[in-house]
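Heads up, the thing below is written out as structure tokens.
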Amino acid sequence: MTTKQIALVTGANKGIGFATARQLGERGMTVLVGARDTDRGQAAEKALRENGADAHFIQLDVTDDESVARAAKRISDEFGRLDILVNNAGIAAINRLEPPSGTSLDLLREVYETNVFGVVAVTNALLPLLRQAPAARIVNVSSEVGSLAIMSDPTHPLYPFISITYPSSKTALNMVTTMYAKELRDSSIKVNAANPGYCATDLNNNEGFRTPEQGAEVTVHLATLPDDGPHGQLWGFLMDGKGSYGVVPW
Ligand code: NAP
């Protein structure tokens, strides 16, 4: 069995996920490039390999039970364990922003399918393999817009953002993270949520003020925590005007 660490990043064909795969690959890990679309996934694998990474495309649509099961079986057959799971795949439906009073339940369901249910499906399918690793790490890519503390603070710059759909999916993801962290507290697995900050990607029509590489730094930090590192936190970019990283309030 390989001694190299094995990392799976969902939604790794572009944006923060691609940058995360590249940074983990640069650390000498085997990177499994999760992507729902074969052409986009293979193109990402190729780009990462050209950059020197040991990258392998793996078809993974987090909303498709069969795809999730197939991916878990392939990782089990080929590697027998998983050291790092990055639940990065996400959608924001930013071009369909609705006020709470006009929330479309179909859109809400669509966003939750990926951002919440998809994370639980992938995590549960892969936990047996994460338990086979000596000290696995799970990183759920969340957001400060899911923070109840931040979004209800009238002095915070994000206060004017009013929508149920994406923010509440990340609030749910924060609780999902907390609950896995509690269940796994006596294991060697660490579970944390990442706040990448506002990064320019397709998710926000490339309007973010940080780069995907900067967003990925947060994920990589949590994916490579030492054994005495934190567990059950939302950690990452702080909107403190200094570009600092730290614990973000739930
Ligand atoms: P992005 O560039 O739009 O990338 C999203 C990735 O998720 C794409 O690879 C996309 O694949 C994939 N994806 C979507 N639905 C999927 C599904 N059902 N199964 C598998 N993959 C799926 O967005 P991003 O900004 O890098 O977002 C990455 C994560 O960071 C998300 O969880 C997002 O909520 C979070 N985040 C982003 C920001 C930001 O400012 N950008 C801030 C906070 C948190 P396709 O190419 O096939 O669509």
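All ligand and atom numbering here is 1-based and tracks the order in the structure. From a predicted model like this one, the values you see are computed outputs, not experimental measurements.
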Other residues, nucleotides, ligands: >12 heavy atoms within 6.0 Å of K4 NZ: yes
Would a single hydrophobic cluster contain both Y245 and I150, if residues Ile, Leu, Val, Met, Phe, Trp and Tyr are joined by side-chain heavy-atom contacts under 4.5 Å? yes
Give the protein residues with at least one non-hydrogen atom closer than 4.0 Å to an atom of ligand 1, ordered by chain and number. G11, N13, K14, G15, I16, R36, R40, L60, D61, V62, T63, N88, A89, G90, I91, T114, V141, S142, S143, Y166, K170, P196, G197, Y198, C199, T201, D202, L203, N204
With a sphere of 6.0 Å drawn around CD1 of I94, does it hold more than 12 non-hydrogen atoms of other residues, nucleotides or ligands? yes
Looking at R74 and D77, is there a salt bridge between them, counting it only when a charged N and a carboxylate O are closer than 4.0 Å? no
In a check of side chain to side chain donor-acceptor pair (under 3.5 Å) between Y180 and each of N192, N124, N140, which one passes? N124
Student check: side-chain heavy atoms of L32 and V9 closer than 4.5 Å: no
